[in-house]
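Quick note: residue numbers are just sequence positions, from 1.
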Amino acid sequence: MKSQNFVITGMTCANCANTVSKALNSSDKIKEATVNLATEKAKVIFDDNISDQEVIKIVEKVGYGAIVNDKKHQEKIAAQARKRDRNLRLSLVVATVLTLPLVIAMFEGLLGTHYLMFLHDPVLQLILATPVQFIIGWRFYVGSYHALKNGNANMDVLVALGTSVAYFSSLVLAVFMGQKNALHFESAMVIITLVVLGKVLEHNAKEKTTQAITRLMSSRVKMVHTEEGDVPLEQVQIGDVIQVFPGEKVPLDAMILKGKASFDESHLTGEALPVVKGDDETLFEGTVNLDGSIKAVVVRDVNDSTISRMVELMEEAQASKPDIQKFADRLSNVFVPIVLVISLLTFIVTWAVTGVLLTAIMHAVATLVIACPCALGLATPTAIISGTGLAAKNGLLLKNANALELTNTVKTVFFDKTGTITTGEFELSNFDGSSEDFKILASLEKHSNHPLAQAVKAEKTYDVENLKEIAGRGLSAEINGRRYFAGNAKLMEEQGLQFEESTDTVIYLADDEKLRATATFKSAIKAESVQTVAELKKAGIRTVMLTGDNANSAKKIQKIVNLDEVRSNLSPEDKAQIVQETPHSIMVGDGINDAIALASSTVGVAMATGSDIAMEAGDVTIMGGKIHKLIDLFTVSRKTLRKIKQNYFWAFIYNIIGIPLAAFGLLNPMVAATAMSLSSVSVILNSLLLTKAKL
C-alpha cells in the first residue's frame with residue numbers, strides 16, 4: 001500500500017466532498033480515502049500496483065478533478081487556484097453591475113414610481129439577465145447535473161431550479177404574453193450574485209486556512225548543523241547528530257546528548273517561562289535555545305516531527321467542521337421534488353378540467369413561480385452577511401461563517417491561560433528582602449532577557465562587572481567588588497546555599513555566603529476575565545482552563561477567576577484531544593500552541609494580541625485581546641440565528657398561502673411573480689435590520 005495526497009477541484013459543498021469520498025472508498029483497489037473540504041485535498045491509501053492516474057480517473061468519473069499534491073505539480077496547482085479565484089471575483093463584479101439596474105427597477109415598481117422607465121423595458125431586462133443566468137450561473141447547472149447524477153439535491157440544484165423558473169417564467173410573460181410589468185428577472189440575478197459573493201467569501205476563508213498551515217511550515221529552519229556540516233532540513237535522518245547554538249530554533253524533535261540550556265517553548269506550551277533541559281531530555285521542533293550549546297540526536301524526521309504533526313492534526317480537525325448549508329441542502333432534497341410534483345399535478349388537472357393547454361401552462365407556471373425557493377436560497381446567506389457585519393462592528397472578526405450558527409450550540413468554553421485569561425506578562429507579587437537587596441537584584445536583572453527579569457525594575461541601579469549568564473539557572477555579576485547570584489533553586493543548590501524551596505515562581509538573590517532575598521512573581525490576570533467567566537456560568541456554560549503550566553499555579557488562577565475546572569501540564573496535543581472529546585465547545589487561545597485545539601473545537605476563538613497562526617486557525621478573532629468580547633459573540637450568534645429562522649418564515653409564508661391559490665387558478669403568474677419577489681425582498685430587508693442591532 002502507498003499513501004498519496006491529491007488536490008480536488010470543483011467541490012462546492014459538503015455533498016461534493018461526500019461524493020468524492022464515496023467514489024474513492026467504493027473502489028476495491030483503495031484501502032482508505034479521506035476528503036478534506038476545507039483544504040480541498042484528499043489523502044488516499046491504495047495498492048502500490050495501481051497508478052496515481054487511476055485514482056484521478058475515479059474522481060473525474062463523478063464530475064470532479066484531481067491533481068497529485070507534490071512538488072512537481074505545485075505550480076500547476078497554484079496556477080489553477082489563481083485562475084479560479086480570478087474568474088470568481090470577475091463573475092461577482094460583472095453580476096453586480098448587471099443586476100443593479102434591475103434591482104432599482106424592482107424597487108421602483110414596488111414603490112409605484114416610474115422615474116427610470118427605460119429600466120422596465122423587457123428587452124433591456126432580458127439582455128442584462130441572460131449573461132448572469134447562463135454564463136455566470138452556468139456553474140450551478142454543472143453542479144446540479146453532477147449532484148442529480150449522483151442521487152443528491154444540494155444547493156446547486158436549489159439555485160439552478162429557482163433562478164431558471166424565475167428567468168423562464170419572465171421570458172414567457174414578456175415574449176408570449178406581452179407583459180411589461182411584474183417581470184422578475186431580477187430575482188434570478190440577485191440570487192446568483194449573492195451566491196457568488198458567498199463563494200468569494202468562502203474561498204477567502206479557505207485561503208486564510210492555507211496561510212495558517214503555510215506559515216507554520218515556513219517557521220521551520222532551512223539548514224541544520226550536523227557533524228557533516230550544514231545540510232538542508234529534508235536530508236536529515238533519524239539518528240543524525242545535530243548541534244543547536246544559543247538563539248537558534250531546534251530544527252527537529254531530538255534527544256540531548258551533551259549540554260544544558262534554557263528553551264523557549266512558548267509556541268508549544270503557551271507558557272512564557274523558559275524550560276531548562278539537559279542530557280537525555282527531549283527537544284521539540286521550533287523551540288528556541290536561549291543560552292547554551294547543545295548536541296542532540298534526531299528522533300523524528302521532517303515528515304513526523306512536531307510541526308508536521310501539528311499541520312496534519314489541524315487539517316483533520318478542519319475537515320470535520322459541519323457545513324452551515326446542511327439544513328438548506330436537506331430541505332431542498334424534500335422541497336424541490338415536492339414543488340415539481342405539485343406543479344406537474346396542477347398542469348395535468350387543469351388541462352383535464354379546462355381542456356385549455358395555455359391555461360394549464362399558466363397555472364403550472366404560477367405554481368412554480370410562487371413556490372420557487374428563491375427566498376430559501378437567500379435566508380441563510382443574507383443573515384450571515386449581516387451577522388458578520390454586526391460582529392465586525394463590535395470587534396469580532398469572523399473567518400468562518402459557521403461560527404455564528406455553531407456558537408449557539410456551545411455548552412463548554414475552554415480557555416488557554418497565558419495571553420487569554422492572563423496578560424502573558426509577569427508582575428512582582430512579593431519581595432522578601434531589604435531595599436538594598438532589591439536594588440542589587442534589579443541591577444543584575446536589567447541585563448537579562450528572561451520574562452521574569454522584565455518585572456524587576458528600580459529607579460536607580462548599580463553598575464555591574466564580570467556579568468556571567470549561567471545557562472538554565474540565572475546569572476552572576478560583581479557589584480562594588482562583591483559577587484552576587486540571581487536565579488532559580490538549581491543555582492542556589494550549586495552554590496551550596498541554604499534556602500527554602502517555593503512552589504511559586506521565584507528568583508533567589510544570594511552572595512558567596514548566604515541567601516539574601518526571594519522575589520515571588522505572578523502572572524497578571526486580565527481585569528475582564530472574572531466578569532466573562534461569571535456571565536458564561538450564569539448562562540449555564542461550563543468554563544474550563546487548559547494550560548501547560550503546573551497544577552499549583554493553575555489552581556490559584558481557578559480560585560481567583562472562579563472557573564469550573566482546570567487541566568494543567570498539557571501539551572498542544574493534549575489540549576486538542578480534550579477539546580475533540582467535548583462536543584459543542586469553544587476554545588479560546590492566542591498562541592501557536594493553541595492552533596490545533598482551536599481547529600479541533602466546534603468554534604475556535606483567537607485573540608488578536610496573539611500569534612498569526614492562532615488567528616488563522618480559529619474561526620473568530622477577538623480584536624484588542626478583550627476576552628469579554630466572547631459574550632458579544634454569543635449575542636451576535638443568537639441574534640443571527642433568530643434572523644435565519646425569521647427568514648425561513650418569510651421564505652415559506654408566501655408559498656404556504658400562494659401554492660394552493662395558484663394550483664386552483666386563483667393566482668395569475670404576474671401576482672405570483674410579485675409575491676415571489678416580495679418574499680425575497682422581505683428576507684433581505686429582515687436581514688439588513690440585523691446590522692442596526694445593539695449588543
Side-chain angles (χ1 to χ4, degrees), residues 5-17 20 35-42 56 59-60 63-99 131-144 146 154-156 159-160 189 191-218 311 314-315 318-319 321 323-325 381 384-385 388-389 392 397-402 612-613 615-619 621:
N5 290 320
F6 296 85
V7 172
I8 307 297
T9 59
M11 295 194 300
T12 59
C13 68
N15 277 351
C16 299
V20 175
V35 181
N36 185 327
L37 179 63
T39 58
E40 297 180 342
K41 292 176 184 174
I56 291 171
V59 176
E60 290 176 342
Y64 302 91
I67 307 169
V68 178
N69 187 26
D70 57 17
K71 287 186 178 180
K72 187 171 71 174
H73 294 90
Q74 285 306 305
E75 185 50 44
K76 180 181 178 182
I77 292 168
Q80 283 204 0
R82 287 194 297 270
K83 182 180 178 182
R84 178 198 64 193
D85 292 348
R86 186 169 59 248
N87 289 343
L88 199 58
R89 285 173 170 78
L90 180 61
S91 295
L92 178 60
V93 171
V94 172
T96 302
V97 170
L98 294 177
T99 301
V132 176
Q133 184 70 39
F134 296 109
I135 298 177
I136 295 169
W138 185 247
R139 71 191 77 226
F140 303 115
Y141 288 106
V142 173
S144 298
H146 290 302
N154 62 4
M155 282 298 293
D156 282 340
V159 173
M189 297 173 74
I191 291 169
I192 289 172
T193 303
L194 281 173
V195 174
V196 171
L197 172 61
K199 294 294 179 187
V200 170
L201 296 174
E202 179 185 327
H203 282 298
N204 287 343
K206 286 180 179 178
E207 281 179 7
K208 288 184 178 180
T209 300
T210 305
Q211 285 173 12
I213 294 170
T214 302
R215 289 195 186 193
L216 196 54
M217 295 296 285
S218 66
V311 168
M314 284 176 66
E315 288 186 342
Q318 290 163 351
K321 296 278 181 156
D323 191 340
I324 198 168
Q325 291 297 340
I384 291 296
I385 289 169
T388 303
L397 297 186
L398 278 77
K399 185 189 76 175
N400 186 346
N402 284 343
D612 290 343
I613 291 171
M615 285 187 277
E616 288 157 7
D619 304 299
T621 298

Can you name the nearest heavy-atom pair linking [X] to [Y], along with the distance?
X	Y	result
Ala95	Val132	CA-CG2, 4.3 Å
Met11	Glu40	CE-CA, 3.9 Å
Ile192	Gly137	CD1-CA, 4.1 Å

If the condition is side chain to side chain contact (heavy atoms under 4.5 Å, CB included), which residues does Asn87 pass it with, not counting sequence neighbours? Lys83

Partners of Val68 by side chain to side chain contact (heavy atoms under 4.5 Å, CB included), sequence neighbours excluded? Gln4, Phe6, Asp52, Ile56, Asp70, His73

Taking Tyr64 as the fixed residue, which of Thr9, Val59, Val35 is the one that meets the side chain to side chain contact (heavy atoms under 4.5 Å, CB included) rule? Val59

Does Val196 reach the side chain of Leu88, with side-chain heavy atoms less than 4.5 Å apart? yes

Tell me, do Pro131 and Leu98 make a side-chain contact under 4.5 Å, heavy atoms counted? yes

Value for NZ (Lys41) from CD1 (Ile77), rounded to nearest 0.5 Å, stands at 8.0 Å

With rounding to the nearest 0.5 angstrom, report the CG to CD distance, Asp85 to Gln80. 11.5 Å

Applying side chain to side chain donor-acceptor pair (under 3.5 Å) to Ser91 and not counting sequence neighbours gives Arg139

Just to verify, what does Arg86 make a side chain to side chain donor-acceptor pair (under 3.5 Å) with, not counting sequence neighbours? none

ring-ring contact (aromatic ring centres under 6.0 Å, His included) partners for Phe134, two or more places apart: Tyr167, Phe168

